[in-house]
Amino acid sequence: MTTVALKDVTKVFQDGTVAVDRINLDVNGGEFMVLLGPSGCGKSTVLRMVAGLEDPTAGAVLLDGELANDLSPRDRKVAMVFQDFALYPHMTVGDNIAFPLRLAKVDPLPRGERVADVASALGIGDVLGRKPSQLSGGQRQRVAMGRAIVRRPGLFLMDEPLSNLDSGLRAELRAEISGLTRELGVTTIYVTHDQAEALTMADRVAIMRKGVLQDVGTPTQVYGRPATLYVAAFLGSPRMNLLEASVYVHLDRYVALNLGDQSLYLPWDDIRSRVVAHYHGERIVVGMRAEALTPVAPDTPGHVLQGRIRYLEHHGHESLAFLDIGATAIVVDEMSGPAEGAGGGQRGLRRFGQVMQRFTGRSGDAEEASTEQAQGGNNRNSVLNDPGRHHRRPAELAVRLAPYPAVSSGHPLAVSVRMDALHFFDERGDRIDVGWR
Ligand SMILES: Nc1ncnc2c1ncn2[C@@H]1O[C@H](COP(=O)(O)OP(=O)(O)O)[C@@H](O)[C@H]1O
Ligand SMILES: [Mg+2]
């Protein structure tokens, strides 16, 4: 049960790429930590530095509290499984799993027992005599895991091990992997770009963007109280609705969140209104997940938004309605990752920076600012008069409905808003902490 601590760990590659930027992260003994982020954000680089396959440019990697920067990979007692794992094709499954034990000169008898134990834990006990080519993809991935854990490492590192498998198998193996590592009590760092995978498997999730750690917490914490707009948009399905809102304070009465055609009102006696009131006359981002929205009759009093259904999406167990409510959305969906093809994640990130800048007229990121200036877009007015771009567009508020509802696009729909479930973000995309929830 190795503990891992990263102290201000930075990795700059020879070509100047800052892959990891001053990361601080503690992983407890026996913990299942998931590193989550889009393609290119530096997840593999972090993992490779923990494994000793890559040297940090600055900072310290501590294993069990001891400085490990200069330890060779084999002295770190770590096991690693990659997306593109390679089994020895000419060896049987049993010999593949036993291989690390043979290298470690474990005697044949205990070796056989340990292989049998691991194989049965992984549900591949009956295929030990086969060659890898005679296995399914899922079985092969299990063999790769077996080979990694048979040496009983103190630390198990997995880099997108399920990405090449089909979705059914992925779901099955998710449960198996987290079950197995917990049973063995082995500390695990698991890398993925898949937010659903992260939320289902992790004890804690660490979310990265462009080499920078954005947020760390239990799935409930990062989902329920995301530290940044980026994290809010990255976690959950459907994505959190992120609306541009102008703040107007009506002293002793309420704080109005003007969403365009409609407003929401935070009562003055709601403690959050005191915090949000600091943004009087400014624009902020209001986030509301689909679970904060309930369809109601159109004349229902209270915190209600009126809309018209733009389109519907049927998911079997539920249908999603996307409502036009006359508001402006801050769109961060380009951040997703590999699904968009190589480099898509990076491009999306830069665009996200521009979103924030367009939205605010400034940017905390020099590189993004210069990109934007080069395009002549650094103008507050052009932001306001520039609707319909990818990153700022009419809001389509995602609302959950029962499966296959008797409504269609164009249909009016009113939704009641759970005001206590709203999220607030400032112009930089940082959470406005209202001391609530
Ligand atoms: N050996 C390398 N030399 C230069 N740049 C690299 C090298 N390895 C990775 N990178 C860059 O570092 C960044 C982070 O890469 P990586 O850690 O592989 O991201 P992830 O695993 O999150 O997809 C990317 O921009 C990638 O192109
Ligand atoms: Mg990677």
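Source: prediction; values computed, not measured. Atoms within each ligand, like the ligands themselves, are counted from 1 in listed order.
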* **4.0 Å heavy-atom contact, Gly42 with ligand 1** => yes

* Distance filter under 4.0 Å to Ser44 heavy atoms, resulting ligand 1 atoms -> 17 (O), 18 (O), 20 (P), 21 (O)

* List every atom of ligand 1 that sits less than 4.0 Å from any heavy atom of Ala19, numbering the atoms from 1 in the order shown and giving each element. => 12 (O), 13 (C), 14 (C)

* To do: Specify side chain, backbone, both or neither for Thr17, according to which of its non-hydrogen atoms lie closer than 4.0 Å to ligand 1.
  => side chain

* What part of Asp15 sits under 4.0 Å from ligand 1 if we count only heavy atoms: the side chain, the backbone, both or neither? -> side chain

* Asked: Hey, does the Lys NZ or Arg CZ of Arg174 hover above the aromatic six-ring of Tyr190, less than 6.0 Å from the centre and inside 45° of the axis?
  -> no

* Of all the atoms in Thr45, is at least one N, O or S atom closer to the Mg ion (ligand 2) than 2.8 Å? -> no

* Electrostatic pair Asp433-Arg225, nearest N-O below 4.0 angstrom -> yes

* To do: State plainly whether the residues Glu31 and Arg182 are in salt-bridge range, i.e. N to O under 4.0 Å.
  => no

* Test Val93 against Leu135 for side chain to side chain contact (heavy atoms under 4.5 Å, CB included), laying out the working first. => CA-CA 9 Å; Val93 167; Leu135 301 177; 3.5 Å; yes

* Asked: With distance as the sole criterion, is a donor-acceptor pair present between the side chains of Asn24 and Asp8 under 3.5 Å?
  -> yes

* Distance-minimising heavy-atom pair for Pro153 and Val78 -> CB-C, 4.2 Å

* Asked: Taking both backbone and side-chain atoms of Cys41, is any N or O found less than 3.5 Å from an N or O belonging to ligand 1?
  -> yes

